[in-house]
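Following: one structure in structure tokens, then a few remarks.
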Amino acid sequence: MQNIRIAIQKSGRLSEDSIDLFKECGIKLDMGKGRLKSVSSNFNAEFLFLRDDDIPGYVEDGVADLGIVGENVLVESAKKVNLVKKLGFSKCRLSIAIPREESFEGPQSLQNKSIATSYPKLLSKYLKENGIKANIHEISGSVEIAPSIGLADAVCDIVSSGSTLLSNGLKEVQEIFKSEAVLIGNKNLSAENKSILEKILFRINAVQKAQDNKYILLNAPNDKLPEIINIIAGMKSPTVMPLAVEGWSSVHSVLEEKAFWEKIEALRNAGAQGILVIPIEKMIL
Ligand code: ATP
Ligand code: MG
């Protein structure tokens, strides 16, 4: 059986989480120093380690079958590939920033200004939608220094915490695009590669589901059980087992991370004791 070829970033902000994702899916990959390619020893996959900017093009051309990139790079590249799945890591935003001392009264403040960016397509789409004419200066890196060296009045750049902007005397004034890492795929995958992709997606879903949930164990007096079970209706219904002490039970269930603290509080108020919360490694429904 042939290997599916997966392009991931060689080194950068996507690399570690991309590698971890495949590891958590039980797909081994060796990422030796300076290697450009690695064949998995336990799965029909080989990995290509590339610059992130090149990944959409390689996936479009079929040099790689799948790839992981930031949505910002995907959309900016305008390559024709399938967005297979959002992966939930490397979350960031593309924003307009201007010198700290200047004011911003909405998009019209950018009229006839010059804006430095590595994302000319995303920026011009935003400007067009808002009926603004501005001069876009495309530069490939260190965008944030452009205003201080007199190259541009504003920048349009990737932000996560905003500390890089701050240390360059800039302030974020307008978010124009939200991004996270995405799995992309060639539009004409072979039947064989489609079935390998299905396997990968099944595993990614199990890993993501597990990350969103926790296993919970607690003790409760039997007369409180109906109320407690009502709070933590899990995947099906909770497991209830008698404790050695008369009149008490142990309750096991699965809780969603997002409602977690509210539920823990409600459980304590309802009389639950000895609450244990345990991470789940994989979750197959
Ligand atoms: P390469 O050398 O591969 O071209 P790069 O320097 O272009 O790398 P990185 O800085 O590693 O790219 O960022 C890769 C992607 O990670 C970005 O396109 C974006 O989607 C995301 N990203 C960038 N900055 C951050 C951040 N501060 N926090 C989270 N995600 C980010
Ligand atoms: Mg890059």
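Other residues, nucleotides and ligands place no more than 12 heavy atoms under 6.0 Å from the OH atom of Tyr58. By the neighbour-count criterion of 12 heavy atoms within 6.0 Å, atom NZ of Lys85 is densely surrounded, having more than that number from other residues, nucleotides or ligands. At most 12 heavy atoms of other shown residues, nucleotides or ligands fall within 6.0 angstrom of atom CD in Glu281. With a 6.0 Å radius and a threshold of 12 heavy atoms from other residues, nucleotides or ligands, Gln108 has its CD atom above the threshold. For Arg268, the CZ atom is loosely surrounded, since the number of other residues' heavy atoms within 6.0 Å does not exceed 12. Counting heavy-atom neighbours within 6.0 Å of Lys91 NZ, excluding the residue itself, gives a total of 12 or less.
Of all heavy-atom pairs between Ser41 and Lys28, the closest is OG-CD, 3.7 Å. Here the shortest heavy-atom pairing between Glu60 and Asn186 reads O-ND2, 3.2 Å. Here the closest heavy-atom approach between residue Ala134 and residue Leu127 is recorded as CB-CD1, 3.9 Å. Here the closest heavy-atom approach between residue Ile232 and residue Pro238 is recorded as O-CG, 3.8 Å. Listed here is the closest heavy atom pair of Ala64 and Ala7: CB-CB, 3.9 Å.
Formation of a donor-acceptor pair under 3.5 Å by the Lys10 side chain with backbone atoms of Leu50 is not found in this model.
Using a 4.5 Å heavy-atom threshold, the side chains of Leu170 and Thr164 count as separate. Contact check for Asn213 versus Met283: side-chain heavy atoms found under the 4.5 Å cut-off. For the pair Val182 and Leu87, the minimum side-chain heavy-atom distance is 4.5 Å or more.
Placement of Ile200 and Leu14 within a single hydrophobic cluster is found when ILVMFWY residues are connected by side-chain heavy-atom separations under 4.5 Å, directly or transitively. Placement of Phe47 and Ile68 within a single hydrophobic cluster is found when ILVMFWY residues are connected by side-chain heavy-atom separations under 4.5 Å, directly or transitively. Using a 4.5 Å cut-off between side-chain heavy atoms of Ile, Leu, Val, Met, Phe, Trp and Tyr, with links allowed through other members, Leu197 and Ile6 fall into the same hydrophobic cluster. Neither Ile204 nor Leu74 shares a network with the other; the hydrophobic side chains, linked directly or stepwise wherever heavy atoms of I, L, V, M, F, W or Y lie under 4.5 Å apart, form separate groups for each. Note on Leu122 and Ile132: same hydrophobic cluster, where clusters join Ile, Leu, Val, Met, Phe, Trp and Tyr whose side-chain heavy atoms are under 4.5 Å apart, directly or indirectly.
Aromatic ring centres of Phe43 and Phe22 lie farther apart than the 6.0 Å criterion allows.
The CD atom of Glu257 sits 10.0 Å away from the CD1 atom of Ile280 when rounded to the nearest 0.5 Å. We find the CD-CG distance between Glu46 and Leu29 to be 12.0 Å, quoted to the nearest 0.5 Å.
Under the 4.0 Å criterion applied to side-chain N and carboxylate O atoms, Lys178 and Glu71 are not assigned as salt-bridge partners.
Every pair passing salt bridge (charged side-chain N to carboxylate O under 4.0 Å, His left out) that includes a residue from residues 116-126 is listed here, sequence neighbours excluded: Lys125-Glu129.
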Solution key, residues 258-265 side-chain donor-acceptor pairs under 3.5 Å, sequence neighbours excluded:
unit_1, atom_1, unit_2, atom_2, d
Lys258, NZ, Glu256, OE1, 2.7
Lys263, NZ, Ile231, O, 3.2

Kindly list each side-chain donor-acceptor pair under 3.5 angstrom involving residues 147-161, sequence neighbours excluded, with atom names and distances?
unit_1, atom_1, unit_2, atom_2, d
Ser148, OG, Ile145, O, 2.9
Asp153, OD2, Ser114, N, 2.8
Asp153, OD2, Ser114, OG, 3.4
Ser161, OG, Ser163, N, 3.2
Ser161, OG, Ser163, OG, 3.1

Residues 216-226 side chain polar contacts: donor-acceptor under 3.5 Å, at least two apart:
unit_1, atom_1, unit_2, atom_2, d
Asn222, OD1, Ser249, N, 3.4
Asn222, OD1, Ser249, OG, 2.6

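Judged as a salt bridge (charged side-chain N to carboxylate O under 4.0 Å, His left out), and not counting sequence neighbours, Glu24 has no contacts. The ring-ring contact (aromatic ring centres under 6.0 Å, His included) check on Tyr126 picks up nothing, with sequence neighbours excluded.
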Quiz item: Run the side chain to side chain contact (heavy atoms under 4.5 Å, CB included) check on Ile229 and Val240 step by step: do they pass?
Solution: CA-CA 9 Å; Ile229 289 168; Val240 179; 3.9 Å; yes

Self-check item: Test side-chain hydrogen bond (donor to acceptor under 3.5 Å, both in side chains) applied to Lys199 and Asn44, step by step
Solution: CA-CA 10 Å; Lys199 272 191 206 167; Asn44 284 114; 5.3 Å; no

